Amino acid sequence: MLSSELLLTRRRGPYVEPCYLDPGAARYLDLAAGLIECFTQHEGQPRRLLRQALDHFEGDRTDYRVQRGLVKLLFDERSQFRIDAPLPPEELRRQVFALSREQHPLVSEPNLIYPVTRQHVLDQVALHHGLPAQTLDLALYADLPEQHLLERFTAPEPQALLHRYNLALAQTLLLRCELLRLSVKRNLPVRYKQLFKFIKFYRLIHTIQGDLDAGYEIHLDGPLSMFRLTQKYGFQMALFLPALLLCTRWGMSASLIWPDGSHREFVLDDQCPLVSHYRDQTLYDSLLEETFAQRFEQAQTDWQLERETEIVNLKETVMIPDFTFRHPDGRTALLEIVGFWRPEYLRRKLDKLRQAQRADLIVAVSRDLNVCEEDLAELPGGVFFFKSRIQPREVIAQLEQLHSPTA
Amino acid sequence: MRLTFEEGTLLLRDLAEGDPVPPPFVWDARVDHWRALALYYRQALEYLRERGASFENTAPRYQRLGLRLRQTPALHPFQQEALEAWKQGGCRGLVVLPTGSGKSLVGLEAIAHLGRSALVVAPTIDLMNQWYDLLCAHFDQEVGVLGGGYHQVEELTVTTYDSAYLHMERYGNHFGLILFDEVHHLPGEVYSHAAQMALAPYRLGLTATLERADGRHALLPDLVGPLAYEQGIRQLSGEYLAEYRVEHRRVDMVAEERAAYETAKSEYQTFLESKNLKLGSTAGWKHFVQLSSRSPEGRRAMLAYRLHRKLALGTVAKLRVLEEILMAHPRERVLVFTGDNETVYEISRRFLVPAITHLTPTKERRSLLAGFNQGEYLVLVTSKVLNEGVNIPEASVAVVLAGSATIREHVQRLGRILRRRQGKEAVLYEVVSRDTVEDQISRRRRRHPAYAEAPADALL
């Protein structure tokens with residue numbers, strides 16, 4: 001992320017947006033390439049020299065804040081530094097300062113009362129270590145960051161750097177966020193599951209409204225948010241943003257507090273040009289669900305299977321069923337497959353199912369699991385067990401039973 | 001009904017019919033529980049107990065410790081009074097005592113008196129380290145450090161306001177007592193979270209100067225407790241603090257510096273005149289910043305402005321004056337303050353004397369401060385990191401080479417050499433470049449009463 005003085009924004013009424021760079025523009029690709037080149041050339045050199053070269057490169061350019069933003073990302077995410085000194089600098093300082101104490105005060109022009117200059121002291125310590133005095137002089141503060149050597153620089157592609165910069169701008173803006181509103185619509189369960197995995201991971205609290213067809217509005221904030229305006233969770237929201245970008249159909253509106261106390265809105269949606277640098281772990285559904293979906297589509301029934309699913313809000317958590325079923329006459333139902341779970345996950349899963357109290361929910365439980373009928377007694381919807389695969393006709397039977405007048 | 005701690009808040013769960021809900025709690029529909037700021041733990045507990053409510057309380061994680069204070073000098077009467085006043089207020093509240101009067105001793109006594117897990121929050125890493133030393137020296141107890149690269153929480157722990165803000169949601173229930181040192185930092189928009197997310201029923205705030213320019217000190221009674229005790233600087237001077245005098249040195253820049261200063265000054269001023277801009281107001285300054293990112297001329301003018309501010313420090317000439325001062329006090333302990341780290345290291349390298357900045361490793365910092373107090377080093381050079389309350393009782397000369405205009409900073413620098421010692425007269429040198437922006441800043445700074453009434457100082 002960037003520091004606040006490197007955050008470039010544009011204001012439109014109550015809205016604010018980052019000044020993104022065009023990742024295809026030659027001007028910025030050249031700038032990125034030039035900076036990357038500068039770092040590459042300074043491998044093995046102290047940070048101080050790299051900074052001087054970057055200052056020189058900057059000159060009187062007016063877009064120096066863009067440049068410094070790119071530079072910050074190269075420093076933070078691509079560079080590795082190390083201390084370079086013939087002796088541990090702290091130990092060296094101890095010796096030099098101790099000797100200087102004996103000769104105190106050191107003067108620039110020796111006189112009768114105070115005859116010792118700094119050079120005398122340095123020479124004496126250098127002699128003791130068999131080093132040139134100049135080397136010793138440089139090593140005295142070799143542990144200061146400015147003196148560290150750039151040990152390794154991993155050069156990104158210029159365009160990847162521009163993408164990373166644009167995302168970093170949006171993340172930096174979110175540091176000022178007190179409430180994040182998301183709207184999501186008709187995503188696959190795996191996407192929702194990934195989304196809520198991240199919401200939980202970053203310890204944000206959600207509020208959900210809406211349904212499958214209208215889409216959902218999700219509010220994200222933190223425990224303190226109900227008592228005071230706070231940007232305390234802005235950092236967590238900034239880290240969450242790249243995860244949101246992995247979703248497919250979404251919009252986001254962030255309420256920001258500006259340093260002057262005024263409020264601004266920052267909006268984004270899935271059409272925005274930002275590119276996530278988090279890995280998308282949702283590419284493949286589990287095989288069990290995949291084969292079931294294929295077989296169901298070949299079955300003789302009016303029921304339609306939908307991969308996009310509902311979010312069942314359980315307040316402190318959510319349940320995201322695997323499939324939605326829709327009949328032409330307007331009936332709908334949900335299916336949750338309890339397939340392969342480790343015991344502690346299974347227990348939590350069953351708790352969730354009980355808590356949900358959904359009459360339109362069918363639960364398919366693997367016989368391989370250590371679950372008996374009593375465990376599922378309190379579920380108001382349909383329940384059945386399956387062996388290695390789930391039979392579509394069994395699900396259809398459950399669907400019909402769910403909606404029969406006697407059910 | 002269960003009372004639990006969750007990320008800086010309290011939750012009431014599993015309410016039975018007729019269970020009372022204390023006033024600070026509100027219904028949190030996001031999670032379907034009652035929630036309150038952890039700050040109101042004591043109030044909530046009192047409410048529930050008065051009503052004889054039965055509840056399981058798993059919120060607090062702090063312990064009773066058998067704490068015995070060792071090796072402490074007897075308290076001065078005013079320290080004793082301060083401690084008693086705080087106890088009278090239910091062990092919640094603020095104690096205001098001047099720099100150098102032994103506030104930390106009051107704090108140690110408070111920790112020993114309560115005998116419960118305690119957290120000390122300080123504004124800088126140096127002060128945090130100093131509290132670490134104090135707690136280690138006075139209690140038979142492992143002391144944890146949270147901040148400055150350490151993440152170790154013990155029954156007695158020290159931290160900074162920055163780290164407290166970041167970590168209180170996790171550790172806000174681990175301490176029965178929180179001691180906020182230099183408590184005037186606490187009511188800031190960000191730092192106030194630290195007090196709100198902790199459930200500690202006992203709180204002590206220490207400071208020399210309660211007032212804040214933004215008026216937010218009005219929040220302190222809610223966050224820490226009411227004012228328990230106050231004693232001003234003039235009431236204690238002479239009796240408990242060292243006498244001090246101020247030497248004001250105005251230096252002429254060396255010719256090259258002056259020439260570069262004037263060139264830079266005229267470059268940015270020409271630009272400002274051509275744009276009809278005045279820097280006196282916030283609006284004018286903002287406009288200048290905008291223009292500086294629109295054209296290379298504007299950018300050059302801004303760079304010239306920066307250079308002129310830097311040159312105004314007149315470092316070359318000041319280092320000559322510093323050399324004279326060091327020669328004038330060859331046997332005394334001298335503290336040198338600058339406005340920026342670059343100058344700190346320049347002085348350290350030129351005079352081969354130890355330096356402390358925020359970059360100095362914790363271990364080295366501690367050994368440098370100890371070495372200075374024991375006379376292994378005679379000079380210590382530093383920037384802003386030693387501003388508040390770091391104990392350097394042996395220093396009798398302070399040299400301020402540059403600094404910001406804020407009055408508090410300056411008074412605290414004064415306080416550093418005010419530590420009480422028999423027959424000691426302290427000297428503070430203020431070295432300022434003549435006829436520069438710095439000259440104006442210095443005049444503003446000297447409006448504080450601690451300066452105006454300073455004894456034996458004809459210059460002021």
Side-chain angles (χ1 to χ4, degrees), chain A residues 8 58-65 89-90 93-94 96-101 103-109 111 113-114 116-118 121-122 125 137 140-141 143-146 203 205-208 219-232 235 257 259 261 313-317, chain B residues 6-9 11 24 26-33 35-37 39 165-166 169 189-190 192-193 196-197 292-300 303 319-320 323 326-327 329-331 334 341 345 348-355 357 359-361 363-364 367-368 371 375-379:
Chain A
L8 300 176
E58 186 179 297
D60 57 11
R61 289 176 72 123
T62 51
D63 60 354
Y64 63 96
R65 289 204 286 173
E90 196 181 325
R93 285 196 288 274
R94 212 182 50 73
V96 170
F97 296 154
L99 191 62
S100 148
R101 158 71 173 92
Q103 316 282 358
H104 181 77
L106 305 184
V107 291
S108 40
E109 304 289 336
N111 56 51
I113 310 167
Y114 301 122
V116 182
T117 65
R118 77 184 290 271
V121 173
L122 288 177
V125 179
D137 197 0
L140 205 55
Y141 277 112
D143 50 347
L144 288 183
E146 287 306 289
R203 304 194 328 280
I205 295 186
H206 63 255
T207 315
I208 305 172
H219 289 195
L220 298 179
D221 53 18
L224 284 185
S225 306
M226 59 188 299
F227 303 111
R228 60 174 292 181
L229 292 180
T230 178
Q231 302 175 2
K232 176 141 185 61
F235 185 66
I257 317 173
N313 187 13
L314 303 177
K315 301 290 178 150
E316 279 168 297
T317 182
Chain B
E6 193 201 78
E7 305 206 18
T9 63
L11 287 184
V26 285
W27 179 250
D28 186 348
R30 302 172 301 175
V31 297
D32 282 358
H33 297 301
R35 196 190 288 275
L37 286 175
L39 170 64
Y165 165 70
L166 288 175
E169 56 199 337
E189 173 67 30
V190 169
S192 58
H193 284 88
Q196 291 178 329
M197 295 192 297
S292 76
S293 61
R294 281 196 202 139
S295 71
E297 299 79 58
R299 182 69 191 139
R300 278 198 295 276
L303 292 173
L319 292 198
R320 290 187 189 164
E323 192 173 321
L326 293 180
M327 283 197 277
H329 300 274
R331 305 263 169 271
V334 184
N341 286 341
Y345 287 110
S348 172
R349 300 184 76 134
R350 168 154 168 187
F351 296 99
L352 299 180
V353 292
T357 69
L359 296 169
T360 312
K363 233 179 84 190
E364 184 181 7
S367 91
L368 291 179
E376 283 168 38
Y377 306 115
L378 291 176
V379 183

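Bear in mind that the values here come from a model prediction, so they are computed numbers and not experimental data. Letters A, B, ... are given to chains in the order of the sequence lines, protein chains preceding strands, and every chain is numbered from 1. Quick note: numbers below take in every heavy atom, side chains included, and nothing from hydrogens, waters or symmetry partners.
Interface remark: A:R61 contributes backbone atoms only to the contact with chain B (heavy atom separation under 4.5 Å). Only the side chain of A:Y64 comes within less than 4.5 Å of a heavy atom in chain B; its backbone stays farther off. B:E7 touches chain A through backbone and side chain together, each having a heavy atom under 4.5 Å away. Using a 4.5 Å cut-off between heavy atoms, B:L166 touches chain A through its backbone atoms (N, CA, C, O) alone. Both the backbone and the side chain of B:V26 come within less than 4.5 Å of a heavy atom of chain A. Heavy atoms of A:N313 lying under 4.5 Å from chain B are absent altogether. Looking at B:L378, the atoms closer than 4.5 Å to chain A (heavy atoms on both sides) sit in the backbone and in the side chain alike. When heavy atoms are compared at a cutoff of 4.5 Å, A:R93 approaches chain B solely by way of its side chain, counted from C-beta outward. For A:T317, no part sits under 4.5 Å from any heavy atom of chain B, backbone or side chain. Contacts between B:R320 and chain A at a heavy-atom distance below 4.5 Å are absent for every atom of the residue. With a 4.5 angstrom heavy-atom cutoff, B:R349 touches chain A via backbone and side-chain atoms both. Looking at A:L224, the atoms closer than 4.5 Å to chain B (heavy atoms on both sides) sit in the backbone and in the side chain alike. Looking at A:L229, the atoms closer than 4.5 Å to chain B (heavy atoms on both sides) all sit in the backbone: N, CA, C or O. Within the 4.5 angstrom heavy-atom criterion, only backbone atoms of A:H206 (N, CA, C, O) approach chain B. Looking at A:F227, only its side chain comes within 4.5 Å of chain B, counting heavy atoms on both sides.
Your options are A:G59, A:P105, A:A98, and the one with the most heavy-atom pairs under 4.5 Å with chain B is A:P105. With respect to chain B, the highest number of heavy-atom pairs below 4.5 Å among A:L314, A:T230, A:T207 belongs to A:T230. Among A:R228, A:E90, A:E316, A:E146, the residue with the largest count of heavy-atom pairs under 4.5 Å with chain B is A:R228. Heavy-atom pairs under 4.5 Å with chain A peak, among B:V353, B:L303, B:L326, at B:V353. Put simply, of B:P296, B:P330, B:P354, the one with the most heavy-atom pairs under 4.5 Å next to chain A is B:P354. The greatest number of non-hydrogen atom pairs below 4.5 Å with chain B, out of A:L99, A:I205, A:T117, A:D143, is found for A:I205. Of all the listed residues (B:E6, B:E169, B:H193), the one sharing the greatest number of non-hydrogen pairs under 4.5 Å with chain A is B:H193. Contact count against chain A (heavy-atom pairs under 4.5 Å) is highest for B:R35 among B:R300, B:M197, B:R35, B:H33. When each of A:L106, A:L122, A:V96 is checked for heavy-atom pairs under 4.5 Å with chain B, A:L106 comes out on top.
The OG atom of B:S292 sits 11.5 Å away from the CG atom of A:D60 when rounded to the nearest 0.5 Å. With rounding to the nearest 0.5 Å, the separation of CZ in B:R294 from CG in A:D63 is 14.5 Å. One distance of note links NE2 of A:H104 with OH of A:Y114; it measures 7.5 Å at 0.5 Å rounding. Distance check, rounded to the nearest 0.5 Å: CG of B:D28 to NZ of A:K315 gives 8.5 Å.
Residues A:R94 and B:S367 are not in side-chain contact: their nearest non-hydrogen atoms beyond the backbone lie 4.5 Å or more apart.
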| request: Show the numbers, then the answer: is there a side chain to side chain donor-acceptor pair (under 3.5 Å) between A:S225 and B:R30? | output: CA-CA 11 Å; A:S225 306; B:R30 302 172 301 175; 4.5 Å; no

*Where do B:Y165 and A:K232 land on the side chain to side chain contact (heavy atoms under 4.5 Å, CB included) test, with the steps shown first?*
CA-CA 9 Å; B:Y165 165 70; A:K232 176 141 185 61; 3.7 Å; yes

Note to self: For a side chain to side chain contact (heavy atoms under 4.5 Å, CB included) check, start with the C-alpha distance between B:E323 and B:F351, then their side-chain angles and the critical distance, and finish with the verdict.
What the structure shows: CA-CA 8 Å; B:E323 192 173 321; B:F351 296 99; 3.9 Å; yes

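Below 30°, between 30° and 60°, or above 60°: for A:Y141 and B:Y345 the angle between ring planes is above 60°, a perpendicular geometry.
With A:R118 contributing its side chain and A:S100 its backbone, the two residues share no donor-acceptor pair below 3.5 Å. No donor-acceptor pair closer than 3.5 Å links the side chain of B:Q196 to the backbone N or O of B:L37.
When B:T360, B:L359, B:T357, B:N341 are each tested for a side chain to side chain contact (heavy atoms under 4.5 Å, CB included) with A:L144, only one passes: B:L359.
Salt bridge status for B:R299 with A:E58: present, with a side-chain N to carboxylate O gap under 4.0 Å.
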